[in-house]
Amino acid sequence: MASVRSSEESGERMLLRPQQPYSYEETIRRLVSFEKTAYRSEGGKLYRTLRLSKRPVVVELEWEEEKSALAATVDTELDDRERMDLERILRRMFSLDVNLAPFYESIKMEPRLAQVVEERKGLHFVLDPTLYECLIKTIIGQQLNMAFAAKLVDRLIHLAGERLERAGEVLAVFPTPEQVARLRYEDLQALQFNRRKAEYVIDLSRRIAEGKLNLDELHRLEDQEVVGRLLPLRGIGRWTAECLLLFGMGRPNLLPAADIGLRNAVRRVYELDAQPTEKEVRQMGEAWSPWRSYATFYLWDTLSGQ
DNA sequence: TACCAGGATATGG
DNA sequence: CCATATCATGGT
């Protein structure tokens with residue numbers, strides 16, 4: 001994909017064309033309502049810090065309507081490797097290469113879900129840039145309402161990550177495992193983490209920092225193998241492992257059937273008298289294969305906002 | 001006030 | 001093996 005160097009500033013800008021159908025508006029709407037921390041939204045532009053191979057940068061994102069492309073701008077000059085890095089990261093994060101046409105075609109058989117999908121045409125997953133970030137954010141989000149969970153994530157980032165300045169504003173970078181490994185449990189308790197959650201987050205980070213756990217190895221495993229590999233770790237249950245497969249890895253056919261949010265959404269969309277059981281959700285979800293992740297994602301989206 | 005949040009674990013039966 | 005309490009806070 002072409003990247004253009006601006007002559008006026010020292011930064012540069014690249015254009016990334018997504019697989020259609022793609023709705024930047026829908027995708028960002030969900031992101032902004034759900035992720036109060038990692039992204040900063042201002043005047044139609046979105047800011048997010050990302051780690052390239054050697055250094056963190058602030059990336060400014062906006063939709064370029066005439067070219068139907070995502071425009072990414074950084075205020076620093078990138079070398080070839082960083083440029084390729086950034087493009088790869090963004091294409092993956094914003095699911096730019098995921099073709100939803102087959103999903104939309106197959107979902108026509110499910111009228112109620114088809115309605116939900118129709119209202120959100122082009123909505124794509126936004127993945128976390130790293131499996132580590134995804135795992136930590138998911139653990140923090142366990143059991144908590146999303147607003148509070150976002151607050152805790154924000155506090156962790158500002159405590160442990162570097163700070164970058166962009167247009168007079170300070171943005172924190174999601175910390176590395178090494179940075180979190182250096183914290184004490186009490187540091188996170190002071191941020192209103194409960195003791196156990198402070199242990200989950202720090203112990204996991206230490207394990208990774210010490211080289212005893214390599215999350216990137218998970219990429220080559222099947223879904224169920226990934227779950228099996230993660231379950232023995234303290235603080236990671238099935239739900240958390242599945243969230244990693246969804247929001248860290250973008251696996252297409254996951255169904256977190258026990259998830260309380262999904263069950264509430266299914267109840268509403270299918271107008272059931274009672275909250276369906278995990279088993280019932282699993283049975284209904286058979287019909288959504290091999291797009292169960294996206295079906296889940298669209299159902300989750302019915303919960304936020306409205 | 002009570003109860004639930006896009007859970008996981010420790011403990012007791 | 002199953003049931004229940006616990007967590008730390010915000011929203012309803």
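A, B, ... follow the sequence lines: proteins, then strands. Residue 1 opens every chain. Computed from heavy atoms alone, side chains included, the values below leave out hydrogens, waters and symmetry copies.
When heavy atoms are screened at a 4.0 angstrom cut-off, Leu144(A) is found touching base atoms of the nucleic acid. Residue Ile236(A) is classed as a sugar-phosphate contact, given heavy-atom separations below 4.0 Å to backbone atoms only. Within the nucleic acid shown, Phe297(A) has no heavy atom closer than 4.0 Å to any nucleic acid atom. Residue-level contact check: Leu299(A) touches neither bases nor backbone, having no heavy atom under 4.0 Å from any strand. Within 4.0 Å (heavy atoms only), Gln142(A) reaches sugar-phosphate atoms of the nucleic acid but no base atom. Note on Gly141(A): nothing from the nucleic acid sits closer than 4.0 angstrom, heavy atoms only.
A donor-acceptor distance shorter than 3.5 angstrom exists from the side chain of Lys197(A) to the backbone of Gln142(A), with no hydrogens or angles considered. In this structure a side-chain-to-backbone donor-acceptor pair under 3.5 Å is missing from Arg40(A) to Arg48(A).
Side-chain contact of Tyr22(A) with Ser95(A): a donor-acceptor pair under 3.5 Å is absent, judged by distance alone. Neither side chain, Thr130(A) nor Arg51(A), offers a donor N or O lying under 3.5 Å from an acceptor on the other. No side-chain donor-acceptor contact under 3.5 Å links Tyr200(A) and Asn194(A).
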Please assess Tyr294(A) against Phe125(A) for the test ring pair (Phe, Tyr, Trp, His ring centres under 6.0 Å), listing each intermediate value before the final yes or no.
CA-CA 8 Å; Tyr294(A) 266 90; Phe125(A) 269 89; 4.8 Å; yes

Derivation and outcome, ring pair (Phe, Tyr, Trp, His ring centres under 6.0 Å), residues Phe297(A) and Phe103(A):
CA-CA 12 Å; Phe297(A) 187 52; Phe103(A) 170 53; over 10 Å; no

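Distance Arg263(A) CZ to dC4(B) P: 12 Å, rounded to the nearest Å. A straight line from CZ of Arg268(A) to P of dG6(B) spans 11 Å, rounded to a whole angstrom. One interatomic measurement links the two molecules: CZ of Arg267(A) to C1' of dC4(B), which rounds to 13 Å at whole-angstrom precision. When the P atom of dC7(C) is taken as reference, atom OH of Tyr185(A) falls 18 Å away, rounded to whole Å. Across the protein-nucleic acid pair, Lys137(A) atom NZ and dG6(B) atom P stand 17 Å apart, rounded to whole Å. Between Gln143(A) atom CD and dC3(B) atom P there is a gap of 14 Å when expressed in whole angstrom units. Counting to the nearest Å, the P atom of dG6(B) and the CH2 atom of Trp300(A) are 11 Å from each other. Rounded to an integer number of Å, the gap from Leu303(A) CG to dG6(B) C1' is 8 Å.
For DNA chain B, the residues of residues 195-203 of chain A within the heavy-atom distance limit of 4.0 Å (strictly under) are Arg196(A), Tyr200(A), sorted by number.
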Which atom pairs link the protein and nucleotides 10-12 of chain C when you take only N or O atoms and keep those under 3.5 Å?
from: dG10(C); atom 1: O4'; to: Asn145(A); atom 2: ND2; distance (Å): 3.4
from: dG10(C); atom 1: N3; to: Asn145(A); atom 2: ND2; distance (Å): 3.3

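Within 6.0 Å of CZ in Arg92(A) there are more than 12 heavy atoms belonging to other residues, nucleotides or ligands. Heavy-atom neighbours of Met284(A) CE from other residues, nucleotides or ligands within 6.0 Å: above the threshold of 12. Residue-environment remark: CZ (Arg229(A)) stays at or below the threshold of 12 foreign heavy atoms within 6.0 Å.
When each of Arg238(A) and Gln275(A) is assigned the nucleotide of DNA chain B bearing its nearest heavy atom, the one mapping closer to the 5' terminus is Gln275(A). Residues Asp259(A) and Arg234(A) each lie close to DNA chain B; by heavy-atom proximity, the contact nearer the 5' end of the strand is made by Asp259(A).
Of the side-chain N and O atoms in Thr138(A), none sit less than 4.0 angstrom from OP1 or OP2 of dG6(B).
The gap from the C1' atom of dG6(B) to that of dC1(C) amounts to 27 Å, rounded to the nearest Å. Comparing the P positions of dA10(B) and dA8(C) gives a spacing of 15 Å, expressed to the nearest Å. dC3(B) and dT4(C): their P atoms are spaced 14 Å apart (whole Å). Between dA5(B) and dC2(C), the two P atoms lie 23 Å apart (nearest whole Å).
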Which donor-acceptor pairs under 3.5 Å do side chains of residues 61-69 of chain A form with protein atoms, sequence neighbours excluded?
from: Trp63(A); atom 1: NE1; to: Glu65(A); atom 2: OE1; distance (Å): 3.4
from: Glu64(A); atom 1: OE1; to: Arg13(A); atom 2: NH2; distance (Å): 2.5

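Side-chain to base pairing of Arg30(A) with dG6(B): one donor and one acceptor N or O lie within less than 3.5 Å of each other.
Look at dG7(B): its Watson-Crick or wobble partner, with both distances under 3.5 angstrom, is dC7(C).
Both geometric conditions, a ring-centre gap below 5.5 Å and a plane tilt below 30°, are not fulfilled together for Trp239(A) over the base of dG7(B).
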